[in-house]
Enquirer: 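Handing you this structure, nothing more for now.
All figures in this text were calculated on a predicted structure; none of them were measured in a lab.
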Amino acid sequence: MEMLAKAPKGTRDILPDEIHKWYYVEEKFREIANRFGYKEIRIPVFEHTELFERGVGDTTDIVQKEMYTFNDKGGRSITLRPEGTAGVVRSYIQNGMSSWAQPVKLFYDITAYRYENVQKGRYREFHQFGVELFGAAHPGADVEVISLLHLFFKELGIKNLALNINSIGCPTCREKYNQKLKEFLGTKLDNLCHTCKERYDRNPMRILDCKDDSCKQMVVNAPALLDHICEDCAKHFERVKSKLTAMDIPFSIDKGIVRGLDYYTRTVFEFVSENIGSQGTVCGGGRYDGLIEACGGTPTPGIGFGLGVERLLLEMDNQKIEIPAPKSPDIFIGFVGEQAEELAESLTLKLRAAGISCDKDIMARSVRAQMKYANKINSRFIIILGDNEVESGKVELKDMTTGETKDINIDTIVDRLLKYKIGN
RNA sequence: GUGGGUGUAGCUCAGUUGGUUAGAGCGCCAGAUUGUGGCUCUGGAGGCCAUGGGUUCGAAUCCCAUCAUUCACCCCA
C-alpha cells in the first residue's frame, strides 16, 4: 500500500462500526464528571514547548524523547500535547481561575501525542479522559477523585481493576529519602546496570523499578520512600487510606509506584488490569501540589488523573462488556417512477424534519436493490411508493422485523412513526 | 533506541519437495423475483503475491536488503 493511503505509524481511524463504543464511554464519563461537579474544559492540541518542559519535567522520558516538537512559521517552538495536565494548569493560571469559586473542578476528553514505539494499548495518538481538581489540599480531595473513577468503572460494568496507591511525599521528604537511598546503594554501585549508574546521580528513585535482574537483587532490601516520608505527608496518606476504607473502595498499597512525571507529590495511584497485556495501566494519577507554582502561578494544590480510552475499551472488550448497539433508521422509503421519486424526496425530508431517521435510494437502483439496502442498514420500517400510491395516497407500511404490513394513509405516517418511537 | 513474529483480494486466510492461467470463505455489485429484504442459487468486479535486488530454465515459495505491521523491553494512558 502506498504512503498516500496509509495512516502514519501509531495513528488509526475510528470507523463507523465502532464509534458507538466511543460515544458510550464518552457520554458516561461526561455524565459522571458532571454528577461530581466537574465542568468540561477544552484546551489546545499544541502549546509552547516550554510549558511541557516545565510542567511535565525535563528529566522525564516524555520530554526527553517522546514529544512531537516543531517550529512554526513564526519561529516558535511548539509541541503537541503529550498529556492534559500541563495545558489545564496553564489555562488555570492564564484565566485567573484562582479567583473562581474554590475548588475549581475540571474534566477533559482529549487526544494526546507521544513519539514511542507502538504496541498493544499504546499509540502515538491516543485518547485520554482526565480530571483536575485545584485548590483543595485536603485528603478528601484525593478520595473524591478516586471515588469518581471507582464509580465510573463500576457503572461501566468493569470488574477486577486493581486500585494501587502510594505516597511519594513532598519535595522535602523526597530529598531526605534520596540521601538515604544513595547511602544504601553507594556500596553496590558497581553491580548496577549502565542506566542505573546514571540514575544514581539524577534520580535514584528510578533504580527501584529497574527491570535488570542484577539491579532488582541489589534493591530488594532498599529503604522504601513510603517508610521515610515526613510526618505531615504520612498523616495525609493515613487519612486517604481510612477514607477509602470508609467508602468501601478496595485498594492495595504499592510502594513501587513512582509516577513518571515530575510533578507528582504525596498521593499517587493507578488502576491496573491484568489481562490487556503489558500496557495494563488504564488510569494513572496523583497529587501535584507544586505544579501551579512551578508554572508561574500562585501556590495552589492540585490533584488529577489521566485515563487511557483505548485501554479502557480494550479492557471492556476483554471482559465482554456489552455496549448498546447504535440506533438504526426508523424507516426506508423505496420508490419506482419519477412522480414517486419526487414524493419520496419530499416525504423523506418531512419525516427527517419531524425527528424521524429516514433514508431513501439516491443511486437510481431497482426496488429489489433498494430493499436489500434497507435490510442492510437495518431499517425498522419500509414503504414503497409507485404510481398507485401517488394516486391513492395510501401505502403499505411494512415492519421489517416481523414482515407484517399495514395499509395506512401517507398523511398519517409522521404521526404513526412518532407514536412508535415514543412507545418504544 | 533494542529484540522477536508477520507481509497473498476490502476482511480472514489456503497455496504441496520451487513448475507454467494464484484460490476459498466472508463482504461488495448484478441477476433469478420487469413493485418488496433476510434463505437459496447463478454470474461479475476486485491481486505488480509489501518493495528492490539476487539464486534458478522457472520464484508467492529459497537468499539478502528496505519498508510496513505486530508483540515484547525501556517508559507510560
Side-chain angles (χ1 to χ4, degrees), chain A residues 1-3 5-10 12 15 17 56 59-66 81-85 109-130 149 193-196 199 203 206 209-213 215 257-261 264 270-273 276-285 304-315 332-337 340 361 363 365-390 395-405:
Chain A
M1 188 127 16
E2 291 177 36
M3 274 296 193
K6 189 129 190 62
K9 192 188 191 79
R12 55 175 211 158
L15 298 172
D17 69 342
V56 178
T59 64
T60 61
D61 278 11
I62 291 177
V63 169
Q64 284 187 343
K65 50 186 195 184
E66 294 174 2
R81 60 187 176 208
E83 52 99 59
T85 302
D109 171 9
I110 61 170
T111 54
Y113 304 84
R114 292 184 199 172
Y115 190 86
E116 295 183 272
N117 270 347
V118 174
Q119 59 186 293
K120 188 174 190 154
R122 171 191 284 169
Y123 305 94
R124 289 182 175 180
E125 178 185 65
F126 60 102
H127 294 73
Q128 274 192 345
F129 296 155
L149 285 161
C193 73
H194 177 69
T195 38
C196 279
R199 285 169 172 156
N203 197 348
R206 289 286 170 77
D209 54 7
C210 181
K211 301 296 187 280
D212 184 276
D213 282 338
C215 296
I257 301 179
V258 184
R259 304 265 86 215
L261 289 70
Y264 287 107
E270 53 190 32
F271 283 83
V272 184
S273 154
I276 59 172
S278 55
Q279 258 56 51
T281 307
V282 173
C283 171
F305 65 79
L307 184 154
V309 185
E310 282 83 359
R311 291 179 187 182
L312 174 72
L313 257 11
L314 213 57
E315 179 65 14
F332 182 90
I333 298 182
F335 61 87
V336 56
D361 179 71
M363 292 178 72
R365 290 195 280 204
S366 70
V367 170
R368 180 183 157 77
Q370 291 179 45
M371 287 309 101
K372 282 190 167 193
Y373 180 73
N375 191 56
K376 265 178 233 170
I377 63 174
N378 207 20
S379 186
R380 176 64 197 273
F381 295 100
I382 61 142
I383 59 171
I384 289 174
L385 304 177
D387 292 343
N388 295 342
E389 287 79 6
V390 170
V395 74
E396 254 185 12
L397 179 68
K398 180 171 178 179
D399 185 330
M400 294 290 272
T401 55
T402 62
E404 286 166 8
T405 62

Enquirer: Please pick, from B:U36, B:C71, B:A77, the nucleotide with the shortest atom-to-atom distance to any side-chain atom of A:Ile382.
Expert: B:U36
Enquirer: Taking the side chain of A:Lys372 as its heavy atoms from C-beta onward, which of B:U36, B:G35, B:G31 lies nearest to it?
Expert: B:G31
Enquirer: Is there a side-chain polar atom (N or O) of A:Gln119 under 4.0 Å from OP1 or OP2 of B:A72?
Expert: yes
Enquirer: Find the distance between CD (A:Glu310) and CD (A:Gln128) and round it off to the nearest 0.5 Å.
Expert: 9.5 Å
Enquirer: Say we look at B:C29 and B:C75: how far apart would their C1' atoms be, to the nearest angstrom?
Expert: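 Taking atom C1' in both B:C29 and B:C75, they lie 49 Å apart.
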Enquirer: For atom P, what is the distance between B:A30 and B:A68, given to the nearest Å?
Expert: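 Taking atom P in both B:A30 and B:A68, they lie 39 Å apart.
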Enquirer: May I ask you to say what A:Gly306 touches in the nucleic acid, namely base, sugar-phosphate or nothing, with a heavy-atom cut-off under 4.0 Å?
Expert: sugar-phosphate
Enquirer: Does any nucleotide pair with B:A72 by Watson-Crick or G-U wobble geometry, both distances under 3.5 Å, and what is it?
Expert: B:U2
Enquirer: Using the side-chain heavy atoms of A:Lys9, tell me which of these nucleotides is nearest: B:U36, B:U69, B:A77.
Expert: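 Shortest atom-to-atom distance from the side chain points to B:U69.
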Enquirer: Just by distance, with hydrogens left out, do A:Glu66 and A:Tyr115 show a side-chain donor and acceptor under 3.5 Å apart?
Expert: no
Enquirer: For B:U61 versus B:A14, give the span between their C1' atoms, rounded off to a whole number of Å.
Expert: 13 Å
Enquirer: Base of B:C76, side chain of A:Arg311 - is there a donor-acceptor contact under 3.5 Å?
Expert: yes
Enquirer: Measuring to OP1 and OP2 of B:G37, would you say a side-chain N or O of A:Arg368 lies under 4.0 angstrom away?
Expert: yes
Enquirer: Taking the P atom in each of B:C63 and B:U17, what is the distance between them to the nearest angstrom?
Expert: 15 Å
Enquirer: Could you check how far CG of A:Asn117 sits from P of B:G5, rounded to whole Å?
Expert: 17 Å
Enquirer: Answer with base, sugar-phosphate or nothing: what part of the nucleic acid does A:Asp387 contact at a heavy-atom distance below 4.0 Å?
Expert: base
Enquirer: Tell me the interatomic distance from A:Tyr113, atom OH, to B:A77, atom P, rounded to whole angstroms.
Expert: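 Checked: the OH to P distance equals 17 Å.
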Enquirer: Watson-Crick or G-U wobble partner for B:U20, using a 3.5 Å limit on both distances?
Expert: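 With both distances under 3.5 Å required, B:U20 matches none.
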Enquirer: Only pairs with both distances under 3.5 Å count, Watson-Crick or wobble alike; so what is the partner of B:C11 in this structure?
Expert: B:G25
Enquirer: Nearest to the A:Ile384 side chain among B:A77, B:G35, B:C71, which nucleotide is it?
Expert: B:G35
Enquirer: Can you check the A:Gln370 CD to B:A30 P distance for me, whole Å?
Expert: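 Taking CD of A:Gln370 and P of B:A30, I get 11 Å after rounding.
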Enquirer: To the side chain of A:Phe126, which of B:G35, B:C75, B:A77 is closest?
Expert: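 Shortest atom-to-atom distance from the side chain points to B:A77.
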Enquirer: Side chain to side chain contact (heavy atoms under 4.5 Å, CB included) with A:Ile384: which of A:Met371, A:Glu389, A:Glu396, A:Lys398?
Expert: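 Single pass found, and it is A:Met371.
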Enquirer: Given the C1' atoms of B:G5 and B:A32, what is the spacing between them in whole Å?
Expert: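 Between the two C1' atoms, the distance is 47 Å.
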Enquirer: With rounding to whole Å, what would you report as the distance between B:G19 and B:C62 at their P atoms?
Expert: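 It works out to 11 Å between them.
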Enquirer: Report the nucleotide, chosen from B:G35, B:A68, B:G38, that has the shortest atom-to-atom distance to any side-chain atom of A:Asn375.
Expert: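 Ranking B:G35, B:A68, B:G38 by closest atom to the A:Asn375 side chain puts B:G38 first.
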Enquirer: Of all the choices, B:C28, B:G35, B:C76, which nucleotide is nearest to the side chain of A:Lys376 once you look at every atom?
Expert: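 So the nucleotide nearest the side chain must be B:C28.
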Enquirer: Go nucleotide by nucleotide along RNA chain B from the 5' end; which of A:Tyr115 and A:Glu396 gets its closest nucleotide reached first?
Expert: A:Tyr115
Enquirer: Rounding to the closest angstrom, what is the interatomic distance between B:A60 and B:A22 at atom C1'?
Expert: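 The answer is 8 Å between these two C1' atoms.
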Enquirer: Which base, if any, makes a Watson-Crick or G-U wobble pair with B:G37, both distances under 3.5 Å?
Expert: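 Its partner is none (no Watson-Crick or G-U wobble pair with both distances under 3.5 Å).
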Enquirer: Between the side chain of A:Arg311 and the main-chain N/O of A:Thr281, is any donor-acceptor distance below 3.5 Å?
Expert: yes
Enquirer: If each of A:Arg124 and A:Pro8 is mapped to the nucleotide of RNA chain B with the nearest heavy atom, which maps nearer the 5' terminus, i.e. the 5' end?
Expert: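 With A:Arg124 and A:Pro8 compared, the 5'-side residue is A:Pro8.
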Enquirer: Does the A:Ser379 side chain pair with the main chain of A:Phe381, one donor and one acceptor, at a distance under 3.5 Å?
Expert: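 At least one qualifying donor-acceptor pair exists.
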Enquirer: Would you classify A:Gly403 as touching base, sugar-phosphate or nothing, given that sugar-phosphate means primed atoms plus P, OP1 and OP2, and contacts are heavy atoms under 4.0 Å?
Expert: base
Enquirer: Can you identify which nucleotide, out of B:G31, B:C71, B:A68, has its nearest atom closest to the A:Ser366 side chain?
Expert: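 It is B:G31.
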Enquirer: Taking atom C1' of B:G35 as reference, at what distance in whole Å does atom CZ of A:Phe335 sit?
Expert: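 Answer to the nearest Å: 13 Å.
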Enquirer: Can you check whether any acceptor in the base of B:C75 is under 3.5 Å from a donor in the side chain of A:Arg122, or vice versa?
Expert: yes
Enquirer: Using whole Å, report how far CD of A:Glu66 lies from P of B:G1.
Expert: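 Those two atoms, CD and P, are 13 Å apart.
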Enquirer: Identify whether any heavy atom of A:Glu389 sits under 4.0 Å from a base atom; if not, whether one sits that close to sugar-phosphate; answer base, sugar-phosphate or nothing.
Expert: base
Enquirer: CD/A:Glu270 to CG/A:Leu149 distance, rounded to the nearest 0.5 angstrom?
Expert: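 Rounded to the nearest 0.5 Å, the CD-CG separation comes out at 12.5 Å.
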Enquirer: Quick check for you: to the nearest 0.5 Å, what is the distance between A:Ile110 atom CD1 and A:Phe126 atom CZ?
Expert: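 Those atoms lie 7.5 Å apart.
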Enquirer: Does A:Arg365 make a side-chain N or O approach to OP1 or OP2 of B:C29 shorter than 4.0 Å?
Expert: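 Checking B:C29 against A:Arg365, a side-chain N or O does come within under 4.0 Å of OP1 or OP2.
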Enquirer: Rounded to whole angstroms, how far apart are CG on A:Asp17 and C1' on B:G27?
Expert: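 After rounding, the reported distance stands at 13 Å.
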Enquirer: To the nearest 0.5 Å, what is the distance between CG (A:Asn117) and CZ (A:Arg124)?
Expert: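 Between atom CG of A:Asn117 and atom CZ of A:Arg124 there are 6.0 Å.
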Enquirer: Does the structure show a Watson-Crick or G-U wobble partner for B:U66, both distances under 3.5 Å? Name it, or say none.
Expert: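 Base-paired to B:A50.
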Enquirer: Could you check how far CD of A:Glu116 sits from P of B:G1, rounded to whole Å?
Expert: 13 Å
Enquirer: When rounded to the nearest Å, what value does the distance between P atoms of B:G38 and B:G31 take?
Expert: 13 Å
Enquirer: Rounding to a whole Å, what distance do you find between A:Tyr373:OH and B:A30:C1'?
Expert: 17 Å
